[in-house]
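Remarks on the structure that follows.
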Amino acid sequence: MSKEADRRFWAEKISDEIENRKLEDPIVIKGAVSPSGSPHLGHLNEIMRGYYVAEVLRGRGYSVRQIFTSDDKDALRKIPNILTDENWDLVGLGDIDAKVLGKNLGVPYSEIPNPFNSEYKSYGDHFTALLKESAEMAGVPIEFISTTDMYNEGAFDETVREALQNLSKVREILSKYQRNVSEDYIPFIPQCEKCRRLTTGVKRIDMELEVIEYECEGFADAEGSRMGGCGHRGVATFREGKLSWRFEWPADWKVLKIDFEPFGKDHAEGSWPSGQEIAREIFGIEPPIPMVYEWFTIGGKALSSSKGNIVTIRDLVELVEPEIVRYFFAKNPNKQRDLNLEKIDILVDEFDEFEREYYGENSQKISPNVSMSAYPMVVKNTVEKWVGEGDLGAFKSRRRIPYRFAAALGMNDDRNLQIEIANRRKIIDKDMEDWVTSLAIGRVERGRQWAENYQNEYNYQLSRKVPEIEIDGEIGRALEELASFVEEGHNEVEIQEAIYEIAKNNEIEIGQFFEVNYRLLFAQERGPRLGPLLAALDREFVVMRLRREG
RNA sequence: GGGCUGUUAGCUCAGUCAGGUAGAGCAACGGACUCUUAAUCCGUCGGCCAGGGGUUCAAAUCCCUUACAGCCCGCCA
């Protein structure tokens, strides 16, 4: 078999592994994030990576349940500098009631009052809602579960019991993976009934009554400094507190019967190896099939909610179609990728090529097996939206306006004019079905947003007023000739030719003449191809502008 | 100090698992379309596949090693 024929979509390979296990129906795939702050594109890995595997398995006839735990029983351990409000706008601590956060360090996210104007009860619920919106924007149906609810419902009772019954084994296993596991290590963190903090200071465990006696001694913040507790002495049930992370994760696998879970590289060498052993030795289950994904960076630095170094899915869907967001997550998870929104046009080009490859419209095949397998999943929702579920044959007639050209088209917000220009350029046809035009033209607004956000060379905007430029005699005459020519009514080819002709006749360098025109229209030195533009724009406007009359 | 992952053209990436003549897009440069102006088409340039060593008839691919980047081995995800 040739090498090329064997290249496969990573989700297919992982699915093979999952399939090779004896599985009960349904196959359960999990992802998780703690709702600690602004959800960003890195978090979407927890949803998208599992999604592709889920879709592959569904395609093979399995029923798959994809779930996502919002780990909202985790404590707030650090106050983020930058947060995201209910409109996905970034806000600083000054814009919200930051005191609420300071007072609640150490308290589970699900119990911290919501400092935003959103409708949710808690800080945790606010960010869980944004995570849900992220999944929706990506078009992934996924079931959300609150870890707090799981504790409250007693879902973890059995695993807490198993962990506390086997303390010596727990300590033995953990010390293989962590240094300084103390002799009195307890894998359970009680929540102080008085100050509501997850705290240390366990005094006694009563396995008969299934309670933990504690004296609230405080907790460690994100920097590892100890924060004092309130000193309250109390008793916690197995539901009033939580397993420490290294045990909660494998407990999740048991309680939710997880078969597959993707996780970030931060877990790959820490909690995953210990989690496997804990799953087998303490909870008596086989751990899920793992998959490690690399992190994205921005400018080479890790995405960080607390530092505000983030790109959200909302930022991305402003610039590109949802299928391109999905495409991004279909790429090899092993590679660290830098998210450079200034160069998002390259990603779009890459997607367009990926799409052409699926339909056999490209000349050079790169990795056809990958596009054959991944493309239908990438565009699933898009196809459903425009032509009906699964009708990839009909969707083949879609058109994509090259992204940079779409950005240039955004110079005018008149949709009909955009269509007109794209038409003249033969990117779309007048007799195409409406959806084709809508899908294609939809890119213009996004490209426009891109040009505006990054103030790049595609940021053309027709100047409302006549820019102040000195025009000397020859150029003035040339402009007048051009104005008259346009006024007579000519097509784009004729106008384009006339520009050269007029420049020549007036002994002006052609480059200079173009530049003057662009300055008049955009107050910039360069611009889109002039003939088609002048032909497409409102004739009266063009004539007036060339005469510097308005 | 130990471990995991990555490093392929100026840029963005395929290709590495199962070794078989280094690929694409963009950029650049040249040309075509009566036309330096973001469309389209043709062409050119561009790489010791991070460096070194090994295995092999054959290595981007397997092994060892070095460098660089990120992460883990405290807490937390």
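Order of the sequence lines fixes the chain letters, A, B, ..., with proteins taken first and strands second; residue numbering starts at 1 for each chain.
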Given atom CH2 of A/W249 and atom C1' of B/rC72, what is their separation to the nearest angstrom? 12 Å
Using atom CZ of A/F188 as one end and atom C1' of B/rC75 as the other, report the distance to the nearest whole Å. 18 Å
Rounded to whole Å, the OH-P distance (A/Y327 to B/rU12) equals 14 Å
With C1' as the reference atom in both, quote the distance from B/rA18 to B/rG25 in angstrom, rounded to an integer. 29 Å
What contact category does A/N340 fall into here, base, sugar-phosphate, or nothing, at under 4.0 angstrom with non-hydrogen atoms? nothing
Which of the following nucleotides, B/rC26, B/rG6, B/rA14, is nearest to the side chain of A/D349? B/rC26
Just checking A/D266: base, sugar-phosphate only, or nothing, at a heavy-atom cut-off of under 4.0 Å? base
Can you work out whether A/Q178 or A/D74 has the more 5'-proximal nearest nucleotide on RNA chain B? A/Q178
Integer angstrom distance from the C1' of B/rA27 to that of B/rG15: 22 Å
At under 4.0 Å between heavy atoms, what does A/E294 touch on the DNA or RNA strands: base, sugar-phosphate, or nothing? base
Who pairs with B/rA9 - Watson-Crick or G-U, where each distance is under 3.5 Å: none
Just how far, in rounded Å, is C1' of B/rG6 from CG of A/D338? 14 Å
What is the pairing partner of B/rG1, taking Watson-Crick or G-U wobble pairs with both distances under 3.5 Å in any strand? B/rC73
According to a strict under-4.0 Å criterion, is A/K335 in side-chain N/O contact with OP1 or OP2 of B/rU7? yes
What does A/F263 touch in the nucleic acid at a heavy-atom separation under 4.0 angstrom: a base, only the sugar-phosphate, or nothing? nothing
Would you say a side-chain N or O of A/R337 is under 4.0 Å from OP1 or OP2 of B/rA14? yes
Looking only at the side chains, is there a donor atom on one of A/S274 and A/R246 sitting less than 3.5 Å from an acceptor on the other? yes
Counting only side-chain N and O atoms of A/Q496, is one of them less than 4.0 Å from OP1 or OP2 of B/rC33? no
What's the CZ-P distance between A/F485 and B/rC35, to the nearest Å? 16 Å
From A/E353, A/E350, A/E323, residue fulfilling salt bridge (Lys or Arg N to Asp or Glu O under 4.0 Å) relative to A/R400: A/E323
Atom pair distance, as rounded to whole Å: CD in A/E350 and P in B/rA14: 7 Å
What nucleotide among B/rG6, B/rG70, B/rU40 has an atom nearest to a side-chain atom of A/W295? B/rG70
Can you figure out which of B/rC73, B/rG3, B/rC11 approaches the side chain of A/I346 most closely? B/rC11
Rounded to the Å, how far apart are A/I495 CD1 and B/rA39 P? 20 Å
If you measure from the P atom in B/rC26 to the same atom in B/rC42, how many Å do you get, rounded? 11 Å
Look at the side chain of A/D149 and the backbone N and O of A/I145, then say whether any donor-acceptor pair between them is shorter than 3.5 Å. no
Flag for A/Y151-A/E248: side-chain donor and acceptor within less than 3.5 Å: yes
Does any part of the side chain of A/F296, heavy atoms only, come nearer than 4.5 Å to the side chain of A/L44, both counted from C-beta? no
Would you mind telling me which of B/rC71, B/rC76, B/rC17 lies closest to the side-chain atoms of A/S244? B/rC76
Which nucleotide in B/rC26, B/rA69, B/rC75 has an atom nearest any side-chain atom of A/R404: B/rC26
Quote, to the nearest angstrom, the P distance that separates B/rC48 from B/rG1. 31 Å
Taking B/rC35 as the reference, what is the distance to B/rU44 when you measure between their C1' atoms (whole Å, please)? 23 Å
Under 4.0 Å, counting only non-hydrogen atoms across every strand here, what does A/D345 touch: a base, just sugar-phosphate, or nothing? nothing
Given B/rC76, B/rC73, B/rA77, which nucleotide is nearest the side-chain atoms of A/D71? B/rA77
Rounded to whole angstrom, note down the C1' distance from B/rA14 over to B/rG47. 15 Å
Under 4.5 Å between any side-chain heavy atoms of A/V320 and A/F351, yes or no? no
B/rU40 P sits how many Å from A/R356 CZ, rounded? 9 Å
Considering only atom P, compute the distance from B/rU61 to B/rU7 and round it to an integer number of Å. 12 Å
If you check the A/K242 side chain, which of B/rG70, B/rG3, B/rA77 turns out closest? B/rA77
When we call it a touch if two heavy atoms are under 4.0 Å apart, what does A/W245 touch: a base, just sugar-phosphate, or nothing? base
Please check if the side chain of A/E46 supplies one atom and the backbone of A/A32 the other of a donor-acceptor pair under 3.5 Å. yes
Check every strand shown and say whether A/K343 touches a base, only sugar-phosphate, or nothing at a heavy-atom separation below 4.0 Å. sugar-phosphate
Regarding A/E355 and A/Y327, do their side chains bring together a donor and an acceptor under 3.5 Å, going by distance alone? no
Indicate, with a heavy-atom threshold strictly under 4.0 Å, whether A/K176 touches base, sugar-phosphate, or nothing. nothing
Give A/D352 one of three labels, base, sugar-phosphate or nothing, depending on what nucleic acid heavy atoms sit under 4.0 Å from its own. nothing
Please give the distance between the C1' atoms of B/rC11 and B/rC71 as a whole number of Å. 26 Å
Proximity to the side chain of A/R246 - top-ranked nucleotide from B/rG70, B/rC73, B/rU34: B/rC73
